Amino acid sequence: MEKVLTRNIGTHTSPVDLKAYEANDGYRGLRKALTQLSPQDCQSMVKNSNLRGRGGAGFPTGIKWSFVPQGDARTPGHTYLVCNADEMEPGAFKDRLLMEYDPHQLIEGMLLSAYSIGADIAYIFIRGEYAVAIRRLRDAIAECYANGYLGKHILNSQFSLELHVHPSAGRYICGEETALINALEGKRANPRAKPPFPQVSGLWGRPTIVNNVETLCNIPHIIDRGPEWFNTLGVGEDSGTKLFGVSGRVNNPGCWELPMGTPIRDIIENHAGGMKSGFQLKGFLPGGGSTDFLVADHLDLAMDYNVIGAAGSRMGTGTLIILDDRTCPVGMVLNLIQFFAQESCGFCTPCRDGLPWTRHVLESLESGAGQPEDLETLAYQVKYIGAIGNTHCALAPGAMEPLQSAMKYFYDDFEQHITTAQCPYRLGRGA
Amino acid sequence: MPKIIVDGQTLEVSQGENVLQACLNAGLDLPYFCWHPAMGSIGSCRQCALVQYQNEHDTHGRLIMGCMTAVTDGARFSMDTSNAVEFRKAVIESLMLNHPHDCPVCAEGGECHLQDMTVMVKHRDRRYTGKKNTHRNQYLGPLIHHEMNRCITCYRCERFYQNYAGGTDLGAQASRDRLYFGRQTDGVLESEFSGNLVEVCPTGVFTDKPFLADYSRKWDLQSAPSICGGCGVGCNIAPGERYGRLKRVHNRYNHEVNGYFICDRGRFGNAYVNSQKRLNYPGLQMPDGRFKAIDHQAALSRAAHWMKNKRVVGIGSPRASIESNYVLQTWLGAKQFCAGFSEREGALTCGIVEILQATRAINPSIKQMESADAVLVLGEDLTNSAPRVALALRQAVRNKSIAMAEQIGIPEWQDAAVRNLAQDALSPLIIVSSAATRLDDIASHVHTLAPNDIANFGDVLIEHLRGNISEDVDIINIADCLMTAKSPLIISGVSLLERGILDSAAGLAETLYDHNPHTMLSLCAPEANSIGAAMLSHTDNLSLAQITERASDIDVLVVLENDLTRRLDPTSMQQLIASGTTIIALDILENETLNHATLALPAASFAESQGTLINMEGRAQRFFPAFKPAHERQPSWQWLLHLAALDGHGELSKIIHFDEIVHACAQQHSPLARLTEVAPDHSFRRHGQKIPRQTPRYSGRTAMSADLSVHEPQQPKDLETPLAFSMEGVNQNQPAALKSFVWSPGWNSNQAIQKFQAETQKPSVGVSSGIRLLISSGKGIPHTSTDRTAFAQSNGWQLIPIQCLHGSEELSAYTDEIAELAGDPFVALTESCALELQVAAGDGVILSSNNVNLSLAVKIVARMAKNCIGFSAGYTQTLSLSAGSHVQLQRDPNWRPFKPLVIASDRRPNAQLRHNRHG
Amino acid sequence: MSQHLIQTDVKSTLSTAEIAAIDAEIAHLPYTSAAAIDALKIVQAARGWVSDECLIAIAKHLDMSVEQLEGIATFYNLIYRQPVGDKVILFCNSVSCWICDCDKVKERISDLLEIDYGETTTNNRYTLLPVPCLGACDRAPVMMVGDDLITHLDDEIIETLFGPNQQAQSD
Ligand SMILES: Cc1cc2nc3c(=O)[nH]c(=O)nc-3n(C[C@H](O)[C@H](O)[C@H](O)COP(=O)(O)O)c2cc1C
Ligand code: SF4
Ligand code: FES
């Protein structure tokens, strides 16, 4: 398979610098766009490429861009592009790779995206813990300013862009695009109500596009090689390649660039080397901590947005978390709920107070103090917190996905915690 | 009008509103917390959930938040479907996880919106078995008590405090289920509107601290519709009484005036009603200077004896009611009557009336001011001189953001979205003043000028607007703002005691009117009935100066609710006392004038009497007694009627009842002809019954006085008003002027107000409370270009009066909490002046002129006109200082240092804030 | 707080380098207060944590109220409003690390350093804090010590980092 996003990332040792990036056709897409393509052309190419957002929700990128007011609807002032490099979803570890080892690819992606939507200022909102990525991005940006890739009149064109790196001060909610905008504005990162969507009123009230790192990294290739080419990359319904990852008790945990639509089994068994000896696959979260469990029956599904969706889960970040047969599913859900309860911004009631309540119930189950009615309470919480729209943002519904599906697939485990008044896995884990 | 369908019922709704509003307006009980009628929606509590259906075939629907969903014609909703019902119950259950079970000891109990909503969704059984989160409470000053454990995180406090009222020292901290609303550390809340937290908080986190210390349940309070006497704005309030004490004051909704909010002076400054310094009995001054308590019979006969065939002169009062002033003037005749203003105040207040009677510009209600899209303030620190007006202007400057939002289809109630869109974009607010004001933070332009230069500045602006183009960039800019506005507002007042400022404000409004008939002109009057007193006054009236100069010709001087030391300079006051005139003084509290009276008569306070006050707009509003005056106290009008009768006044001796005074006054003073319509008279009945002052749950009627007698005392009769001192009667659909308290089944908190409104944010049902008596003839004010002298540099500092919310007003200063907040009298200087004088905040300076030597604290202010210094106006200690006079200053070496008087939110003007190219 | 605000002199509380760094952030932002988070991080980078004094000075420099800045400071988990050790151990206890038995590793750290989450060693060397998923799940369990990411944690690594030998060496 042709490596696209990771073509410069081989050995995981050091990042490619500007020279090396240029040498491997880097900034060719940018040159092409600035000399041959109008912003509208670029937008159409991205739309035709069928690129879907890699941040989790899979929203088509070209369509998202088209909501930025154009022509007469445009009011004077800035338009912003923001790269969402917050990557805090439990079990997600793909953006780090792209930024640490090929920062110029992201910068070129941002240049092209900014050009397409008419943005003149761009930010990389990156989690503060990514110290290496922050340093490498800053170095790469400095190289760009020094070589005419950033600043005024980029490559002697009419196009100008300022690019800043904004390291976050923590909190998972900052990854939610409107909370991210508040964080960028230097405020408390509560999400904003939509509508108005950021495309119309975002950063400092101005039109703003927020895209994930991986999404943006695809853009140079789409512009350089065309949407038709991009469409051929996927082996299933969706186009392009994707970084897929596997963590948990597998032989070779890691992150690989594979065609969209690669079967799950292929990812787990071939790339991740299958389960560690002595461990069986019990289930897995296909795309990070806020997606529903799938089980062995689903191993032959293709990693495509709609396929995974139809199976009752979400593609999310495309980084799989494996639940093995010696790990307690209740404990795993408790760990996740604990995370989400901790990371709730506290703005809306069901999330702020409902998640700690859910955590409390799961804790009593795990400690052997569970009562039969606890399962009803959990089901009630799933219904009340879990539906999109019941809460102000998607954090809480996301938090409920693993719980809801665990109760579907591993109900016996929940019951056993109550009937045996202990966690049946404790001994197995040697705790 | 669009229609929506809720559970099969078709509702006519207003374009642009949200579904929660629509449901409430239709009388449906949809619970909510974070939404507030004046503050809009943020969608945080998730309590107002309904199910929305795509069309008539959709049976599943999806959950939406009523407050975040705009009404659209034909949209279908359900409140009653189990999905919605269960969800709303779940929200309450979550909110109650950490809420303490302290209702029995909570000050909010019985008027708690959280209690109401909990009952409404029928949540009862606790399933959560974990521990409750707890928080530390903060000391927030003498007015507000903090009990953070009760918080349900609706964000209303922060949104009111910061977004609505412009405070900066209270907000959200931490996150998740550890959210905390408070200050960074313990300390006095700085906002002048902090008391509204008590009503805005849907539970008991922020409660009324003085009330807590002298507590009664809401349902045990006896209340009456009343008007705040704190300043000239005339906010509507509901004082609540029990055991003969004024327990607390709540906001009383008046769409045109105060809406949902009042200032802290109005809420907390009325406790003087319970002061130890209240007069209980008539007092006769003995030769040794001490007063002897006598009964009213004895007092009246003494007075009659003194007055017999003698020259009696009366001094009225701008803080006493129209009716009391009217009786006094009618009794003694216009020629023997003085309205009670000082010379300067009188000229200014009459000036306001003259201007407002002639101007072509609109004299706006407080509510109307919120619609202004450009505001020019001349010479006022409104937050301290007319606080509720300042709060209205904080909303007015947001019109720009609302217009921006409208352009991209964001409705005004989408509060966070509007703010995010507009960021700090504000409509222009131009402040021309002598010193820093508390609206500087939202001002687009500030100019600091000495009082007469403010008038000159206005004149230059007028000339510029009339075509004599100025080259001054600021003038051009400001003129531009005013000329391009749809509804410009010029607002001024009398704080600086400078007539020229009023004239130039009027001239500006007139000039703008030529371009724009939507121009508004508002002039702030200083006292609760300044305008009323001015409207009653007559060209034949005496002036205070005439009285003091010829005091020895006067045998008896009747002073109505007026401490003359606040109006007269010390020498004149001395002169008056020395004249030997017999002074009969009626007042509420001990004061210097009473101390020199021969006979002191105890007057009932606003909470124990009725009367009409005319506010700055010329709106007449009636206040009613919440309880009967105790001891020998009587309403002033009653004392005066007695005196007049004893004095043999034919017409007045026929009058017994209050309503008869109203009628007589309306008949005799044509501008006051509609006085009778201000509120229904005593004969008004609803379904044949009076309007109760007590709530349906009023308790302990027998027990309250069981220590004195086990028999249930008869409820006092009220022959003067349509209100009853009992719970009997009908509290439904009466005119707003007669609404003693708000309560509706299931709605025990102040949120019940929506049950009495046709629509939220709209006027109350029935006639609005108050009648505009000051109507302009629309003649216009001819322009005369005045040649005023520019501020002349002289040796010494020119004294500028600084109005203080806490401290400057006479009666509220008797309230302990207000006195505490008022602090010591001060001199206000800029940092550079202070440097020059080698003093710092909290040091002392000696201020000296010909006849005064005063040692005052130093307060640092952000700006002050050149060669001017401010002084705390209205403080008893600074009454001897005369605005505009010149004084010398020097450091006081013997001053004891105390806390600095600058507060954090005395910030730099907005205009000076850093703005970069992004803007 | 207001009193502090007046008394606090920005220049004597914050270093010129800190002020310069904050001003550099302000320079590319449309509002001074938008630099709040950057400013907190700048000061923290220099001092390890943000004291009340610094908070007040920053608020003053950014022309915002201390309450507003505190609201921001207490929202983010990487702003420390209490003193921390020379190095902060950000220990990932999210799902993938949990599956890979990070709890046992954490116990080992707690035993060796005698601190639990939120605590600082008596010698003030380390503060232990839990952190949301560090995005290195394929190398779980992981943690950060200062700016360094340490992966594939096991007893041996913990021993070399925090064991008595190591402690003795650098003491
Ligand atoms: C609680 C929460 C956390 C999120 N965290 C991230 C994140 O760390 N990175 C990311 O790219 N998107 C994250 N998202 C999704 C973003 O809101 C947004 O959809 C995404 O950045 C859009 O980018 P895309 O269109 O390129 O996928 C998160 C969403 C939610 C609700
Ligand atoms: S769902 Fe949670 S994270 Fe999202 S707004 Fe509500 S409280 Fe905040
Ligand atoms: S009132 Fe609608 S969400 Fe709070």
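In what follows, chains are A, B, ... by sequence order, proteins preceding strands, each numbered from 1. As the structure is a computational prediction, the values presented were derived from the model and not from experiment.
Of all non-hydrogen atoms in Phe339(A) and Ser94(C), the two that sit nearest each other are CD1-OG, 3.6 Å. Closest heavy-atom contact between Pro90(A) and Cys133(C): CA-CB, 3.5 Å. Nearest heavy atoms, Gly170(A) versus Tyr76(C): O-CD2, 3.2 Å. Listed here is the closest heavy atom pair of Gly135(C) and Arg96(A): O-NE, 2.9 Å. What you find for Leu90(C) and Glu129(A) is that their closest heavy atoms are CD1-CG, 3.9 Å. Of all non-hydrogen atoms in Asp138(C) and Val246(A), the two that sit nearest each other are CB-O, 4.2 Å.
For the atom pair NE2 of His166(A) and CG of Asp38(C), the computed distance is 5.0 Å after rounding to the nearest 0.5 Å. Atom CZ of Arg171(A) and atom CG of Leu78(C) lie 10.0 Å apart (nearest 0.5 Å). Atoms CZ and CD1, on Phe279(A) and Ile99(C) in that order, are 11.0 Å from each other to the nearest 0.5 Å.
With a 4.5 angstrom heavy-atom cutoff, Gln338(A) does not touch chain C via any of its atoms. In this structure, no portion of Ala272(A) lies under 4.5 Å from any heavy atom of chain C. Heavy-atom distances place no part of Asp103(C) under 4.5 Å from chain A, backbone and side chain included. Neither the backbone nor the side chain of Leu62(C) comes within contact range of chain A, judged by heavy atoms closer than 4.5 Å. With a 4.5 angstrom heavy-atom cutoff, Cys345(A) touches chain C via backbone and side-chain atoms both. Proximity to chain A (any heavy atom under 4.5 Å) is shown, for Ala35(C), by neither the backbone nor the side chain. Only the backbone of Ile322(A) comes within contact range of chain C, with at least one heavy atom under 4.5 Å from a heavy atom of that chain. Heavy-atom distances place no part of Pro402(A) under 4.5 Å from chain C, backbone and side chain included.
In terms of non-hydrogen atom pairs under 4.5 Å with chain A, the most contact-rich of Ile72(C), Asp148(C), Leu149(C) is Ile72(C). Each of Gly91(A), Pro253(A), Ala189(A), Gly289(A) has some count of heavy-atom pairs under 4.5 Å with chain C, and the biggest count is that of Ala189(A). Ranked by heavy-atom pairs under 4.5 Å with chain C, the first of Ala183(A), Ala131(A), Ala169(A) is Ala169(A). In terms of heavy-atom pairs under 4.5 angstrom with chain A, the leader among Ser96(C), Cys97(C), Ala39(C), Ala36(C) is Ser96(C). Ranked by non-hydrogen atom pairs under 4.5 Å with chain C, the options Gly245(A), Gly346(A), Pro167(A) are led by Pro167(A). Of all the listed residues (Glu89(A), Lys94(A), Met88(A), Met332(A)), the one sharing the greatest number of non-hydrogen pairs under 4.5 Å with chain C is Met332(A). Taking chain A as the reference chain and counting heavy-atom pairs below 4.5 Å, the highest number among Leu134(C), Leu40(C), Ile79(C), Asp147(C) is found for Leu134(C).
Under a 3.5 Å cut-off, the side chain of Arg249(A) and the backbone N or O of Cys100(C) do not form any donor-acceptor pair. Under the 3.5 Å distance criterion, the side-chain polar atoms of Lys41(C) are matched with a main-chain donor or acceptor of Ser168(A). Listed for the Asn335(A) side chain is a donor-acceptor partner under 3.5 Å among the backbone atoms of Val95(C).
Crowding of Gln280(A) atom CD: a count of heavy atoms from other residues, nucleotides or ligands under 6.0 Å not exceeding 12. The neighbour count for Asn251(A) CG, taken as heavy atoms of other residues, nucleotides or ligands under 6.0 Å away, is above 12.
The aromatic rings of His164(A) and His28(C) sit parallel to each other, their planes meeting at less than 30°, with 60° as the upper class boundary.
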Notebook entry, point to check: Which is it for Trp98(C) and Thr327(A) under the side chain to side chain contact (heavy atoms under 4.5 Å, CB included) test, yes or no, and what are the steps along the way?
Noted result: CA-CA 10 Å; Trp98(C) 177 82; Thr327(A) 298; 3.4 Å; yes

Checklist line | CA sep, side-chain torsions, deciding dist, call: Asn77(C), Glu343(A), side chain to side chain contact (heavy atoms under 4.5 Å, CB included) | finding: CA-CA 9 Å; Asn77(C) 55 350; Glu343(A) 293 303 314; 4.1 Å; yes

Checklist line | Steps toward side chain to side chain contact (heavy atoms under 4.5 Å, CB included) verdict (Phe75(C), Asn190(A)) | finding: CA-CA 10 Å; Phe75(C) 186 92; Asn190(A) 293 319; 3.8 Å; yes

